[in-house]
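Note that the structure is a prediction, hence the values are computed from the model and not measured. Letters go in sequence order (proteins before strands), and every chain restarts at 1.
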Amino acid sequence: MTRARKPAAGALATPPCTSRPADAKPFPLTQPPPKRARKAGRAPGAAEPAERPLELRLLADMLRIRRMEEKCAELYGAGKIRGFLHLYIGEEACATGAMHALAAGDNVVATYREHGHALLRGVAMDAIMAEMFGKAAGCSRGRGGSMHLFDVSRRFYGGNAIVGGGLPLAVGLALADRLQGVCRVTACVFGEGAMAEGAFHESINLAALWQLPVLFCCENNLYAMGTALARSESQTDLCAKAASYRVASFRADGMDVRAVFDTVSRAAQQVREGGGPAFVELQTYRFRAHSMFDPDLYRDKAEIEQWKQRGPIHSFSAQLKAEGSLTEELFLALDAEAEAEVAAAIAFAEQAPWEPVADLLKDVHTPAAADERGAR
Amino acid sequence: MTRARKPAAGALATPPCTSRPADAKPFPLTQPPPKRARKAGRAPGAAEPAERPLELRLLADMLRIRRMEEKCAELYGAGKIRGFLHLYIGEEACATGAMHALAAGDNVVATYREHGHALLRGVAMDAIMAEMFGKAAGCSRGRGGSMHLFDVSRRFYGGNAIVGGGLPLAVGLALADRLQGVCRVTACVFGEGAMAEGAFHESINLAALWQLPVLFCCENNLYAMGTALARSESQTDLCAKAASYRVASFRADGMDVRAVFDTVSRAAQQVREGGGPAFVELQTYRFRAHSMFDPDLYRDKAEIEQWKQRGPIHSFSAQLKAEGSLTEELFLALDAEAEAEVAAAIAFAEQAPWEPVADLLKDVHTPAAADERGAR
Amino acid sequence: MRISYREAMRQALREALANDARVFLMGEDVGRYGGSYAVSKGLLEEFGPERIRDTPLSELGFVGAGVGAALGGMRPIVEVMTVNFSLLALDQVVNSASLLRHMSGGQCSVPMVLRMATGAGRQLAAQHSHSLENWYAHIPGIRVLAPATVADARGMLAPALADPDPVVIFEHAQLYNLEDDLLDDWRCDIARAAVRRPGTRASVFAYGGCLPKALQAAEELAASGIDVEVVDLRVLRPLDIDTIAESVRRTHRAVVVDEGWRSGSLAAEVIARIAETCFYDLDAPPARVCSEEVPIPYAKHLEDAALPQPAKIVAAVKELLNV
Amino acid sequence: MRISYREAMRQALREALANDARVFLMGEDVGRYGGSYAVSKGLLEEFGPERIRDTPLSELGFVGAGVGAALGGMRPIVEVMTVNFSLLALDQVVNSASLLRHMSGGQCSVPMVLRMATGAGRQLAAQHSHSLENWYAHIPGIRVLAPATVADARGMLAPALADPDPVVIFEHAQLYNLEDDLLDDWRCDIARAAVRRPGTRASVFAYGGCLPKALQAAEELAASGIDVEVVDLRVLRPLDIDTIAESVRRTHRAVVVDEGWRSGSLAAEVIARIAETCFYDLDAPPARVCSEEVPIPYAKHLEDAALPQPAKIVAAVKELLNV
Ligand SMILES: Cc1ncc(C[n+]2csc(CCOP(=O)(O)OP(=O)(O)O)c2C)c(N)n1
Ligand SMILES: Cc1ncc(C[n+]2csc(CCOP(=O)(O)OP(=O)(O)O)c2C)c(N)n1
Ligand SMILES: [Mg+2]
Ligand SMILES: [Mg+2]
């Protein structure tokens, strides 16, 4: 772990943040899909994912999320995935634009609707799928399931199923960085519904008061389960709410992956440069029900259809085609690649072994070996 | 209790609030001091308290709070009053102006610094003093002490010692009134420190969202225990904070009782007329330490002295004298009246009996007799 | 009439709303969504949005508002989606609802009913699987109920609303689909535990989601010739120690089943009461079957292993009986 | 060296801050005010405002920030003024601190120390007098400590900080002024209970603010020829059942003293454990001396009557011994 440097007593201002964090390599994009998948799926002659231009990477990643989740829905029907499953279908531009706008060394704290974020932070799809199957090879060893994907090696701190529950954690992670003189952004992702919780209020006030490098990333999909924004907040201009804490606020069309990328990049930049926390509202929409249990009775079918017109994947690919940087052939190749990755991940999850029941009590406490008593 | 009228199904708007609540008589001012006290203290020929002009009543009530609390401090030293004791000395203009601006039928929810509010809502000083002595004749039967003065017959709902804890209660009281078609204001009083709590955020959002008749009355005395406002809120303009919930916000000089009265009157009027909740910031200062345990090390002596220059009692009496509506003689008479009331209250509390220990478990539950099973 | 536990709760709600204009239902997604467990489905259409009141995500705020509304003369039924989220609102339960009466010297009452789903068993993992009934059952001034049958789901709400003080009702999420014939005698005495199956060799105490498991264990034990009594604690505060002690005095052996984590479980209190009051009646140490002390895991085989199961109850009884 | 419990805590804090740059103290009024119980007085001047960090009134927020800071490599000591206010933060303790390790499949640890004052006895009335140690002691994944002596006030913090998982330390507010000689052996094994007074006729178990009362009761009993053992539970989770059982096996009688309300108290768990493990060693039913089930009243005579007192402990022991 990073050793703490003793901060100068009395120093309250954010240390000037010129140095990149120790582990900030040039952004390695997302985890390349496992070899098998790449072999299976790539169109002959297509560039390695990491070498593609940003646009194509954004598109490919939206496709990866979409194809993965479509399969999740099927697997849920088949009883392979259980518990709560919250799909992100329709919102892919948000995670894709936002996660690409962060550096590899940044922290991310997410919600129960976090499959896409986890994937794009570099958690292998195999490990995500195995987690949803409840297998020991899952990224949380099958303990967490869909709502609790974790990969601390990639500074992905879950997967939190208490609405607003991740926000104080993000403040603390940012505080730890400040106290250790490390320069990184901590992004927390949450829905607009979370903004009514006391946890939001207390967290953003702490971050603003202490000028901590937290990026508050609100995915405003207009509903919190069945509750429309206007029946949840007296002030529906979320940026105005955030601004009332004297926090810089940004808004982007959450159906437009480029807009998300640009806006989050700007916001993150400002945070990274020591400008204190920032707030970004991404205006988006979920095409599916809240969870697999939701009969989705509270929205107009017409409203859903209207939003679907603006689907982030087809609108972005249409744009790229119009700009001449995407052909239908390439699109199909990317899509096939995503499908192959998903198929491989499912195969991996299927064959992965269950954790022995004898290990039930493992990891309630940290084993003494992992302890650092030496430090004292 | 008030019987509920069934609200029209589907009606979400505040019912037009033309009728006064059932128990809204013309404002009876505060509880006249008990007979003995009045006899003992009044200057010969002075008018009955209820017949005095408003200015003199405001002044007299500030004096009553001040004299009562000065004695409380002494009694604390003498061990007659125990536990936490939070004095209001210096802030009297706030409670006095605000409580006079409310109607008798309005609800009040206060904090642990509520002696003045209780007194001016009409709780007899005898009962307040007996409560602080822990006697059975206390307004909370000795169960509550200084922090938990209650008088439900006067719609004074305590005395809450959890910072921010009274705010949701106020929302609920106002909601009950709305649902019962009763038109009254529910005022909740709290310090600026409470505004960092999630309870504030959730409560004001609920009140604004549902357009409930809640008057949020913030006594900004600049400190929460030892924590100055600027170290507590990223946004120190409290009205701006409140306004971010789309709540009408008002600010007044909390050292000027007339300003408080006028401002709270306007705000309450707006609430009463169905304008939804309102927020009032009263800018004030406590002259004493936070509680009797506080060594008061976090403030400049000079700062305290500066504020004392603006003491609400002497500045207001100077003003009245300049305007010709107060003579030194009358001031002394009012003061003597207050002191006599205090002396009588102490005598009352001293001689009042203790509750028998055998009654310890009384009132954990409501006795079946007080139950209303018939209603079902 | 065969109905589900969910439908029984809904009937109870509908009756309460129809009979008393002071009653209203408030909580997250109780209205337009239809209730996260579909309990309140249809009530919005019937009673309108003032009385079937959707709230924002603000557990502390709206539970406290329920307390205030009760003070103000209403009879609120406040629904917190699950006990897990009720942690955010505990301050208003402990520091307002439960003590306002006493702290004010008996001047007010808080006739509020707080309903919430509880329990594990649906692979919802660590943050959605708590059983904190024991925490609530520790608080003076409130009553805590756990309907485990369709009849109790139908019958507990009315007396809970008639109670002038706060009542907390825990509905185990795995019970909502339970179906049973609703007979005419569903009216419920919310002061008394209920013997669900009389027996002689040992007393098995259970409540909520564990009652069906205890009954299943009793069946299995009966098949091997061991006749046990199953008592549904049902009222978790105040515990009906008379019924508990009476049973132990007959059977001389006690097993307490509780989905809460073992240490500090409600079962601990039941065992302590039995040890205090029936010590000389016991032929063997009292035993507990509780959840393992681990955050509930997602994977089904691990979740199953973490929770009380009929087989564990059978084993505990057999161990007590030395068979 | 004779020092107070408060001073012992302060020494422990100062040592921790001086020895490990990852340690910082955060909470309401820990800095400029000097700590609401004056424990952290002087530390701001010594360590500066980044490491002695005053927070706004935001219990949920700053406790959760403590969890996050621990995840991020720090060793936060988070102070919540009193257990009463910690209700506002329970969600972050139960749903984050205690289960992040398990829920992530063992990827992270939360090496946070959460300190808070607890208990009644100073006429602070119903909202400032809770003893909710039992609630915390119910949560898997955390350790719960209750220093009751000057030595433990000095000695528990270092091993608590060395624990890679969350540790909650309860400081009974009535102990801060307790004075004692701090001998050299104040280092503390935070896995073990401590026999504070060996004895033979009965075992009295107590912790925190009740330990002095238990010891006083033991003195009084000794004066009438009854020699009891007093065991300081000290570690409330995980309970040191070995020490508890060993004592009961010698004395054959147990009284558990606990300032928590009786039903669902920590004492219930201790009694359940004793009943489960030492049933055949007991010569009499185990007994509890707890707080009465009433919100703690302000008036002194009523508050005294509500709380465990030496006289009640004496009476309980005598009843057990039938003398
Ligand atoms: C504290 C808390 N209350 C309630 C819930 C139940 N719940 C889960 S998701 C959700 C809606 C959240 O909406 P929003 O924050 O807008 O995020 P979205 O699901 O739209 O992405 C609710 C009410 C919860 N998980 N946590
Ligand atoms: C939830 C909670 N946290 C902490 C405390 C301890 N405390 C009591 S009063 C107080 C300061 C409150 O300040 P403010 O709201 O400004 O009111 P003031 O005392 O200045 O009138 C604090 C921290 C408490 N009572 N409740
Ligand atoms: Mg949403
Ligand atoms: Mg203040």
Side-chain angles (χ1 to χ4, degrees), chain A residues 81-84 112 131-136 138 140-148 158-165 191-200 223-229 231-234 290-291 293-299 354-364, chain C residues 27-38 40-42 44-45 49 53-62 64 81-82 84-89 91-92 120-130 173 176 261 291-307:
Chain A
I81 299 178
R82 300 292 302 277
F84 281 145
Y112 45 86
E131 186 60 35
M132 299 213 220
F133 275 61
K135 299 295 183 76
S140 302
R141 263 209 6 262
R143 306 281 164 145
S146 155
M147 301 195 287
H148 305 302
N160 199 310
I162 302 299
V163 171
E192 84 298 338
M195 288 180 65
E197 290 280 5
F200 167 78
Y223 291 87
M225 285 186 61
T227 302
L229 176 59
R231 293 188 302 112
S232 169
E233 319 272 352
S234 62
H290 167 73
S291 75
F293 291 122
D294 171 11
D296 208 343
L297 303 170
Y298 44 84
R299 306 189 290 187
W354 300 102
E355 183 164 14
V357 168
D359 284 352
L360 173 63
L361 299 184
K362 213 173 135 181
D363 288 324
V364 177
Chain C
E28 290 161 8
D29 287 313
V30 295
R32 282 181 180 64
Y33 187 94
S36 54
Y37 293 94
S40 50
K41 204 164 151 184
L44 173 69
E45 291 69 27
R53 181 169 290 268
D54 280 325
T55 65
L57 277 149
S58 305
E59 287 80 3
L60 182 66
F62 72 76
M81 269 191 196
T82 76
N84 312 282
F85 318 144
S86 81
L87 292 170
L88 291 162
D91 169 68
Q92 284 294 331
R122 306 185 317 138
Q123 289 191 251
L124 301 183
Q127 291 183 329
H128 277 66
S129 301
H130 291 103
Y176 284 121
W261 293 303
S291 283
E292 299 296 329
E293 310 216 23
V294 59
I296 306 299
Y298 163 70
K300 173 139 180 55
H301 64 303
L302 297 176
E303 182 181 42
D304 284 347
L307 302 177

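When all heavy atoms of C:Ala299 and A:Gly134 are compared, the closest pair comes out as CB-O, 3.4 Å. Here the shortest heavy-atom pairing between C:Ala305 and A:Val357 reads CB-CG1, 3.6 Å. Taking each heavy atom of A:Phe84 and C:His128 in turn, the nearest pair found is CE1-CD2, 3.6 Å. Between A:Gly144 and C:Ala125, the shortest heavy-atom contact is O-CB, 3.5 Å. Considering every non-hydrogen atom in both A:Leu360 and C:Pro297, the closest pair reads CD1-CG, 3.8 Å. Closest non-hydrogen pair, C:His301 versus A:Trp354, comes out as CE1-CE3, 3.4 Å.
Proximity to chain A involves both the backbone and the side chain of C:Leu57, based on heavy atoms less than 4.5 angstrom apart. For chain C, no part of A:Asp296 is nearby; none of its heavy atoms comes within less than 4.5 Å. For chain A, no part of C:Leu87 is nearby; none of its heavy atoms comes within less than 4.5 Å. For C:Glu293, the part sitting under 4.5 Å from any heavy atom of chain A is the backbone (N, CA, C, O) and nothing else.
Here the side chains of C:Leu302 and A:Arg143 are in contact, with some heavy-atom distance below 4.5 Å. C:Tyr33 places a side-chain heavy atom less than 4.5 Å from the side chain of A:Asp294. Side-chain contact between C:Glu292 and A:Leu361 is present, with at least one heavy-atom pair separated by less than 4.5 Å.
With C:Tyr298 contributing its side chain and A:Arg82 its backbone, the two residues share a donor-acceptor pair below 3.5 Å.
Judged by the 6.0 Å and 45° rule, C:Arg122 forms a cation-pi pair with A:Phe293.
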